[in-house]
Amino acid sequence: MAAVGRKALDATAVSTMVLLCLVWGFGHVAAKFTAQGISLVFQSGLRSLVAAALLIGWGAWRGIPLWQRDGTLWPGVFAGLLFALEFIFIFAGLGMTDAARMVVFVYLAPCITAFGLHFLVVQERLSARQWAGVLVAFGGVAIAFGDGFASGRGTLLGDLFGVLGALFWALTTILIRATKLAAVSPAKTLFYQLAVSAPVLLIAAWLMGEPGVVGLTAPVVAAFAYQCVAVAFASYLTWFWLLRHYLAARLSVFSFLTPIFGVLAGVLVLGEPLTLSFLAATVLVGIGIFLVNLKA
């Protein structure tokens, strides 16, 4: 399905993407912090449930229809399942690796997205420079894997889960851009993902034997509220609005900032270690994202 009406980045898209990068960079740190009182995959399902309720209220207030028949049911359900798989791997992985490491692996997604859209959307074909960006980003991920192995901290499986989370995030974006979901409202696209992922994630948490809510404190509630309101509701709604109006493979031109914000947040808020090799890996992934999404 060809992109219709999508445009190159302008000042609105750039400033919005920088803000989203900041919000997302702190998202994994907030999830790791919330795990002190709410188990990881369970909190992911719970935040989808809360965000879906907020979205229904938003839709009612703004008069945005979420329930009409428009031929998007099955693509929407599939997008929701991909979204759920993304967060099963991300949140389960957070239990096995640092938040700083997770954000670097997850943000391989823009490169995977650009690679996939190259074959599906004529307007999103990759140039030689963008192919180089993909290779640089994957090189950074390889170094990050090596850093985890050398550190002896047992992060390999968690790191791998981060890459799988990135893959499912990219597949979700590609599905949205290549089906009828590209033409529906951002609110409806997000609603499919939240409404489908909430029960799937909660069931997955139960099957994994997670304890759920184990102890609530004011900081834990604040961190969880940040995830529900700022991340799962406001930032994702904004992201899908951007997807509808701008070229998807260019949207993340500044998303190289997210791994940087995430690594800094992990180090400053959670006191996670930062090695020179992992710092180099973060920079390479950021450069790769930048090259892939830089306007030709």
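Starting from 1, each residue takes its place in the sequence as its number. What you see is a predicted model, and the numbers here were worked out from it, not measured in a lab.
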- Query: Between Arg101 and Asp147, is a salt bridge (charged side-chain N to carboxylate O under 4.0 Å, His left out) present by the stated rule, with each step listed?
  - Reply: CA-CA 10 Å; Arg101 297 184 64 81; Asp147 173 81; 2.8 Å; yes
- Sequence neighbours excluded, which residues qualify as side chain to side chain donor-acceptor pair (under 3.5 Å) partners of Thr258? none
- Query: Shortest non-hydrogen contact from Ala232 to Leu190?
  - Reply: O-CD2, 3.9 Å
- Message: When you measure from the side chain of Ser39 to the backbone of Gly212, do you find a donor-acceptor pair of N or O atoms at a distance under 3.5 Å?
- Response: yes
- Establish, yes or no, whether a centroid distance under 6.0 Å links the rings of Phe83 and Trp169. no
- Query: Quick one: are Cys228 and Phe233 in side-chain contact, heavy atoms under 4.5 Å?
  - Reply: no
- Do any N or O atoms from the side chain of Thr189 and from the backbone of Ser185 form a donor-acceptor pair under 3.5 angstrom? yes
- Query: Taking the six-membered ring where the residue is Trp, are the ring centres of Phe26 and Phe261 under 6.0 Å apart?
  - Reply: no
- Close side-chain approach of Tyr226 and Phe33, heavy atoms under 4.5 Å: no
- Message: In the structure I gave you, are the side-chain heavy atoms of Val221 and Thr217 within less than 4.5 Å of one another anywhere?
- Response: no
- Residue pair Leu40 / Gly95: nearest heavy atoms and the distance that separates them: CD1-N, 3.4 Å
- Task: Mind checking the CG-CG spacing from Leu22 to Leu257? Nearest 0.5 Å is all I need.
- Result: 9.0 Å
- Would Leu268 end up clustered with Trp24 when hydrophobic side chains under 4.5 Å apart are linked, directly or stepwise? no
- Message: Between Val285 and Leu156, is there shared hydrophobic-cluster membership here, with clusters defined by ILVMFWY side-chain heavy atoms closer than 4.5 Å?
- Response: yes
- Query: Are the side chain of Glu210 and the backbone of Val41 linked by a donor-acceptor contact shorter than 3.5 Å?
  - Reply: yes
- Message: Let me confirm one number: the CG-CE distance from Leu157 to Met96, rounded to the nearest 0.5 Å.
- Response: 4.0 Å
- Query: Got a second to check how far Leu49's CG is from Ser197's OG, nearest 0.5 Å?
  - Reply: 9.5 Å
- Message: Could you report the tightest heavy-atom contact between Leu94 and Ala99, atom names first, then the distance?
- Response: CD2-CA, 3.8 Å
- Query: Are the side chains of Thr12 and Tyr246 in touch, meaning some heavy atoms are under 4.5 Å apart?
  - Reply: yes
- Check whether any side-chain heavy atom of Trp239 lies under 4.5 Å from a side-chain heavy atom of Thr16, and answer yes or no. no
- Task: State, with a plain yes or no, whether a side-chain heavy atom of Leu284 is found less than 4.5 Å away from one of Ile143.
- Result: yes
- Query: Taking Thr97 for the side chain and Gly93 for the main chain, is one N or O donor matched with an acceptor at less than 3.5 Å?
  - Reply: no
- Query: At their closest point, which heavy atom of Met102 faces which heavy atom of Phe89, and how far apart are they?
  - Reply: CE-O, 4.4 Å
- With sequence neighbours excluded, give me every ring pair (Phe, Tyr, Trp, His ring centres under 6.0 Å) pair touching residues 189-210. Trp67-Phe191
Run the side-chain donor-acceptor check on residues 53-60: report pairs under 3.5 Å with partners two or more places apart or on a different chain.
none

- Item | Cluster check Val213, Phe224: I/L/V/M/F/W/Y, side chain < 4.5 angstrom | yes
- Query: Between Phe161 and Phe91, does a ring-ring contact (aromatic ring centres under 6.0 Å, His included) hold up when you go through it step by step?
  - Reply: CA-CA 9 Å; Phe161 276 19; Phe91 276 71; over 10 Å; no
- Message: Working to the nearest 0.5 angstrom, can you tell me the gap between Thr172 OG1 and Glu86 CD?
- Response: 5.5 Å
- Query: Applying the 4.5 Å side-chain criterion to the ILVMFWY set and letting contacts propagate, would Trp241 and Trp61 be lumped into a single cluster?
  - Reply: yes
- What's the shortest heavy-atom distance between Gln68 and Lys188, and which atoms? O-NZ, 2.7 Å
- Query: Out of curiosity, Thr72 OG1 to Ile176 CD1, how far, rounded to the nearest 0.5 Å?
  - Reply: 11.0 Å
- To the nearest 0.5 Å, atom OG1 of Thr282 lies from atom CG of Leu274 at 7.0 Å
- Test: Asp70 and Lys180 ion pair at under 4.0 Å: no
- Query: Any side-chain donor-acceptor pair under 3.5 Å between Gln227 and Thr34?
  - Reply: yes
- Message: Check the orientation of Trp131 and Phe115. Use parallel for under 30°, tilted for 30 to 60°, and perpendicular for over 60°.
- Response: perpendicular
- Query: Closest approach of Val77 and Val196, non-hydrogen atoms and distance?
  - Reply: O-CG1, 3.9 Å
- Item | Backbone of Ile38 reached by a side-chain donor or acceptor of Gln43 within 3.5 Å | yes
- Task: May I ask you to establish whether Arg47 and Phe87 are in a cation-pi arrangement, using a distance under 6.0 Å from NZ or CZ to the six-membered ring centre and at most 45° from the ring axis?
- Result: yes
- Query: Is the closest side-chain heavy-atom distance between Leu81 and Leu85 below 4.5 Å?
  - Reply: no
- Message: Same cluster or not: Ile287 versus Leu276, using hydrophobic residues (I, L, V, M, F, W, Y) connected whenever any side-chain heavy atoms lie under 4.5 Å apart?
- Response: no
- Just wondering, do Val163 and Asp159 contact through their side chains at under 4.5 Å, heavy atoms? no
- Message: Determine whether His28 and Ile90 satisfy the following criterion, side chain to side chain contact (heavy atoms under 4.5 Å, CB included), listing intermediate values before the conclusion.
- Response: CA-CA 9 Å; His28 295 92; Ile90 291 174; 3.6 Å; yes
- Query: Got a sec: does the CZ of Phe145 have more than 12 other heavy atoms crowding it under 6.0 Å?
  - Reply: yes
- side chain to side chain contact (heavy atoms under 4.5 Å, CB included) between Asp98 and Leu270, worked out: CA-CA 9 Å; Asp98 297 337; Leu270 300 177; over 6 Å; no
